[in-house]
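Here is the structure we will look at, set down as structure tokens.
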Amino acid sequence: MKKSFITYIFMVLTISSCRSQNTKTDTNLSLSDKKSTPETILLYKKLNRLTQKGFLFGHQDDLAYGVNWKYEAGRSDIKDVVGDYPGVYGWDIAGLENGLPNNIDGVPFDKMKQYIEDANARGGISTISWHFDNPATGKNAWDNTPNSLKTVLPGAENHAKFTSWLDKAAAFFLSLQDKNGKNIPVLFRPYHELTGGWFWWGKGNCTPEEFKTLWKFTFDYLQKKGVHNLIYVYNTSSFKTEEEFLTNYPGDDYADIISFDSYQNNNDKEGTRFIEEVQSQFKIIDKIGTRQHKLIALAEAGYEAIPDPKWWTGTLLKAVGDYKPSYVLLWRNHGWQDKEQKMHYYAPYKGQVSEKDFVDFYNLDNTLFEKDIPKTKK
């Protein structure tokens, strides 16, 4: 009897210990930039800790405009609905390479800079992508002329042009400062959706080795310019295997977060395929992230115009499931599209059909918004 009791106690303690271990964050995480600023290191650790509570909700261009409004100080469609801002703000610096005052979506870079600084002061986090032009043709990012990428590699004909673009990006990243003059850390997601063939850096338009060379050069060059406030996000579109996801992966010393993008389409009204795809891809990158000590994310997602009134708790939550992404970012709320003659948005606004469900989504313990982000201790 005594032996049985002791065995029982040992089993309880073992189970408790295992459970305790499962709730711990990954203590082996470290940033790929070994000269990262203290603020950037703190943000990375914070993202890691927050995955034990839930995932951060993000929204592209959230502070700049929404459905039927633009550039109203302090406004956000998300804040209009739940009284809180997203935890993560998405931005894009396309246009910067050409010295334009506004980005690809018409957002002035001076306003973007202010939005990033304002969000940081509240505890919010910003992520930046870059739909930059095709350097070989001068056309936009979607000009997928084959072999364009190789023209920017060291020694190639467009290398000098490309490094001048990186110079402009470096200047912008270094201009992002808090009230104490410290550089604001940013999640940088270059060459996104790289497994798709629609961008000049995408699948079919370069070899894996050419892509890796470009990524590593970008990483090294920005650091040589003194940029040490970036957390690098490796990002794909859809994939079916670990091998496919890692085909262009530059290596653990060149990336900090691994992620993918996934959208629900109108031919999938129940969201079945969306849920299955996201779950399948999370299963793959969660395994990689655990093994190689990387955070994971769903860097872009959404269902245009959100016609499903229960999409947030009925579809998106099921897609995330029990996985622990650092963040899930929804695409932008452009509003009315003259060219397409339709509304274009991915997050709810006041009066939108999924508004009530989004409030329920917001009130869940594992959906994290700006107010859920603990302030960094000085």
For Asp256, check side-chain hydrogen bond (donor to acceptor under 3.5 Å, both in side chains) against everything at least two apart and list the hits.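 By the side-chain hydrogen bond (donor to acceptor under 3.5 Å, both in side chains) rule, Asp256 matches Ser32.
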Among residues at least two apart in sequence or on other chains, which ones pass side-chain hydrogen bond (donor to acceptor under 3.5 Å, both in side chains) with Lys342?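 Here the qualifying residues are Glu304.
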Applying side-chain contact (heavy atoms from CB on, under 4.5 Å), name anything that partners [X], two or more places apart in sequence or on another chain.
X      : result
Pro325 : Phe55, Phe282, Ile296, Val320, Tyr323, Val328
Glu243 : Thr241
Asp253 : none
Ala94  : Asp92, Ile104, Trp130, His131

ring-ring contact (aromatic ring centres under 6.0 Å, His included) against [X], all qualifying residues, sequence neighbours excluded:
X      : answer
Trp200 : Phe132
Trp215 : Tyr234
Tyr65  : none

I'd like to check the salt bridge (Lys or Arg N to Asp or Glu O under 4.0 Å) partners of Arg273; sequence neighbours left out, ordered by chain and number.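 Applying salt bridge (Lys or Arg N to Asp or Glu O under 4.0 Å) to Arg273 gives none.
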Test: Lys225 and Asp167 ion pair at under 4.0 Å: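 Judged by the 4.0 Å cut-off on N to carboxylate O distance, Lys225 and Asp167 do form a salt bridge.
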Under a 4.0 Å N-O cut-off, is there an ion pair linking Arg122 with Glu117?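 No, this pair does not count.
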Matching residue for Asp77 among Trp69, Tyr349, Tyr345 - test: side chain to side chain donor-acceptor pair (under 3.5 Å):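 Of the listed options, the one satisfying the test is Trp69.
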Under a single-linkage rule joining Ile, Leu, Val, Met, Phe, Trp and Tyr whose side-chain heavy atoms are separated by less than 4.5 Å, which residues share a cluster with Tyr44?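 Its cluster partners, ordered by chain and number, are Leu29, Leu31, Ile41, Leu43, Leu47, Leu50, Leu56, Val88, Ile125, Leu187, Ile231, Val233, Ile257, Tyr263, Leu295, Tyr327, Leu329, Trp331, Tyr346, Leu368, Ile373.
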Taking side chain as C-beta onward, heavy atoms only, is Ile78 less than 4.5 Å from Phe57?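 Side chain of Ile78 against side chain of Phe57, heavy atoms only: contact under 4.5 Å found.
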Validation row: Phe217, Pro154 side chains within 4.5 angstrom (heavy atoms):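 Yes. Closest side-chain heavy atoms under 4.5 Å.
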Does the side chain of [X] come under 3.5 Å of the side chain of [Y] through a donor N or O and an acceptor N or O?
X      : Y      : result
Ser148 : Thr145 : no
Asn140 : Asn134 : no
Glu277 : Ser262 : yes

In this structure, would Met112 and Leu100 fall into the same cluster of hydrophobic residues linked by side-chain contacts under 4.5 Å?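 No; tracing contacts between hydrophobic side chains, which count when under 4.5 Å, never links both residues.
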Can you label the angle between the Phe361 ring and the Phe369 ring as parallel, tilted or perpendicular, going by 30° and 60°?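 Phe361 and Phe369: perpendicular rings.
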Could you list all the ring pair (Phe, Tyr, Trp, His ring centres under 6.0 Å) pairs where at least one residue sits in residues 72-104, not counting sequence neighbours?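 Qualifying pairs, neighbours excluded: Trp91-Tyr115.
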